[in-house]
Amino acid sequence: MKITLSVIKADIGGYVGHSESHPECLAKAEEAMARAKKEGLLVDYHVTKCGDDIQLIMTHEHGEANEIIHKLAWDTFVACTEVAKKLKLHGAGQDLLFDAFSGNIKGMGPGVAEMEITERPSEPVIIFMADKTSSGAWNLPLYKMFADPFNTIGLVIAENMHDGFAFEVHDVKEHKKITFNAPDEIYDLLIFIGAPARYPLKAVYHRKTGEVAAVSSTQKLAMLAGRYVGKDDPVCIVRSQGIFPAVGEVLEPFARPFLVEGWMRGSHHGPLMPVSVADSLPTRFDGPPRVAAVGFQLAQGKLIGPRDMFADKSYDKARDMANEMAYMMRDHGPFEPHRLPLEEMEYTTMPQVQKKLADRFEPLED
Ligand code: F6R
Ligand code: MG
Ligand code: MG
């Protein structure tokens with residue numbers, strides 16, 4: 001049985017400020033999803049949130065980039081926006097960049113990650129959701145999961161993973177893509193994905209079988225809108241066990257927090273803190289950036305779960321470390337490397353300030 005797992009998310013308004021999703025908006029999304037399931041459009045669904053982003057996790061038999069499913073997600077976000085407007089939530093409708101739906105939700109603001117798969121006898125999937133960061137935040141953890149034997153021992157000792165994985169990398173500026181094979185091409189791969197703002201990892205494939213292992217959302221909100229409207233707050237679907245890394249190997253990269261771009265005004269570097277869904281409440285300096293993970297077993301498309309994967313004591317230390325890192329970064333105030341490098345600031349206030357001061361810049365004498 002072929003089943004498509006679609007994760008479509010949007011920030012349709014925050015409460016309070018950009019820190020959380022309002023229960024009434026989530027209830028509205030739940031209502032729309034329940035209706036779609038009853039009508040037979042969806043096999044199953046789960047509505048959740050990460051900070052101020054509403055997450056629609058859907059299973060269906062319509063394939064990827066399907067107009068009906070994308071329109072369902074769009075209409076759901078429009079309905080949630082109406083609730084957000086009524087409650088005067090902050091930034092109501094902020095990720096919906098267009099007035100009307102036009103065939104494919106990609107490019108319209110919301111983030112999208114989808115995979116069509118033939119369900120295995122056991123099909124564990126983990127859906128990662130981040131808030132206050134950009135697409136590209138998954139580069140480091142996906143590399144560790146699928147290419148780093150210090151993270152994933154299965155790459156070394158599990159015969160069915162020993163041939164490695166293929167990584168699809170996007171160039172968001174040139175609108176191009178390239179695929180690298182790991183482990184043979186990891187040095188070439190790393191030179192690109194080590195610059196995640198430009199080269200986000202879109203997908204990972206099991207080389208021997210061609211099976212899709214992971215898919216992420218790579219929509220760049222600022223590039224779509226031509227100005228800063230909010231961070232991408234990306235999602236990522238990862239299949240686990242068997243020919244893929246075990247659940248513990250999939251989660252392991254987040255035990256050691258790393259720096260991502262985002263945080264306050266989308267203009268800072270800060271640690272990505274792994275948290276439970278309930279704790280996805282970016283508050284301190286609008287952050288620090290968060291990642292939550294929900295796990296499911298698929299059963300004929302039914303979402304058995306969720307299990308809140310970071311609601312576990314063994315991530316307490318990672319959260320402490322992230323808080324320490326947050327203090328260290330915050331001490332830099334408006335200075336790099338806390339503040340993003342100039343090129344990354346191009347969608348924030350920098351162009352306006354440059355324009356305002358253009359005729360005050362004089363040539364250097366020597
Ligand atoms: C970052 C984020 C927030 C806002 C900040 C200003 O992704 O969403 O840090 O950028 O709170 O928000 P506005 O411009 O809506 O007042
Ligand atoms: Mg917001
Ligand atoms: Mg958000």
Side-chain angles (χ1 to χ4, degrees), residues 7-26 29 47-56 73 77 80-81 83-85 87-97 109-113 127-138 196-197 216-236 259-273 275 277-293 326 329-330 333-334 338-340 344-353:
V7 182
I8 308 187
K9 48 80 47 187
D11 176 349
I12 53 83
Y15 143 84
V16 172
H18 292 276
S19 64
E20 169 69 315
S21 302
H22 195 280
E24 281 190 37
C25 295
L26 290 163
V47 174
T48 186
K49 61 102 195 182
C50 184
D52 60 2
D53 294 278
I54 292 184
Q55 313 279 344
L56 308 177
F77 292 136
C80 295
T81 298
V83 177
K85 283 189 174 151
L87 299 173
K88 284 187 69 182
L89 297 185
H90 190 68
Q94 88 167 33
D95 284 1
L96 306 186
L97 303 179
V112 184
I127 293 154
F128 292 99
M129 312 169 288
D131 192 29
K132 304 293 178 277
T133 187
S134 307
S135 68
W138 310 121
S216 79
S217 62
T218 45
Q219 284 77 25
K220 278 257 169 215
L221 208 47
M223 282 187 182
L224 291 172
R227 70 197 147 86
Y228 181 77
V229 284
K231 268 296 177 200
D232 312 325
D233 301 339
V235 288
C236 184
L259 296 172
V260 294
E261 65 163 59
W263 208 345
M264 175 58 78
R265 297 179 186 277
S267 306
H268 294 81
H269 282 124
L272 189 62
M273 182 189 275
V275 290
V277 172
D279 281 338
S280 63
L281 305 161
T283 307
R284 185 196 171 191
F285 198 57
D286 288 0
R290 306 292 158 112
V291 54
M329 296 306 282
R330 283 296 302 124
H338 183 29
R339 199 185 81 174
L340 294 189
E344 296 306 313
M345 297 283 284
E346 81 192 66
Y347 290 103
T348 58
T349 48
M350 192 63 183
Q352 294 94 290
V353 177

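Whatever order the structure lists ligands and atoms in, that order sets their numbers, starting from 1.
Within the model, atoms CD of E24 and CG of L87 stand 5.0 Å from one another, a figure rounded to the nearest 0.5 Å.
Between S21 and the choices L89, L281, V47, I54, the side chain to side chain contact (heavy atoms under 4.5 Å, CB included) rule is met once, by I54. The only option from T81, L221, D52, I12 that meets the side chain to side chain contact (heavy atoms under 4.5 Å, CB included) definition with D95 turns out to be L221.
Partners of K9 according to the side-chain hydrogen bond (donor to acceptor under 3.5 Å, both in side chains) rule, which considers only residues two or more places apart in sequence or in another chain, are D53. When the side-chain hydrogen bond (donor to acceptor under 3.5 Å, both in side chains) test is applied to D131, no partner is found at least two apart in sequence or on another chain.
When all heavy atoms of L340 and G266 are compared, the pair lying nearest together is CD1-O, 3.5 Å. F77 and A10 get closest at one heavy-atom pair: CZ-N, 3.6 Å. Looking at every heavy atom in both residues, P288 comes nearest to P282 through O-CB, 4.1 Å.
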Please tabulate protein-ligand N/O pairs under 3.5 Å for ligand 1, atom names and distances to 0.1 Å.
{"unit_1": "ligand 1", "atom_1": "7 (O)", "unit_2": "Y228", "atom_2": "OH", "d": "3.1"}
{"unit_1": "ligand 1", "atom_1": "9 (O)", "unit_2": "R265", "atom_2": "N", "d": "2.9"}
{"unit_1": "ligand 1", "atom_1": "9 (O)", "unit_2": "D286", "atom_2": "OD2", "d": "2.6"}
{"unit_1": "ligand 1", "atom_1": "11 (O)", "unit_2": "D286", "atom_2": "OD2", "d": "2.6"}
{"unit_1": "ligand 1", "atom_1": "12 (O)", "unit_2": "H18", "atom_2": "NE2", "d": "3.1"}
{"unit_1": "ligand 1", "atom_1": "15 (O)", "unit_2": "H18", "atom_2": "NE2", "d": "2.9"}
{"unit_1": "ligand 1", "atom_1": "15 (O)", "unit_2": "H90", "atom_2": "NE2", "d": "2.7"}

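Using a 30° and 60° split on the angle between ring planes, F128 and W138 fall in the tilted class, from 30° to 60°.
The distance cut-off of 2.8 Å around the Mg ion (ligand 3) captures these protein N, O or S atoms, sorted by chain and number: D52 OD1, D53 OD2, D131 OD1, D233 OD2.
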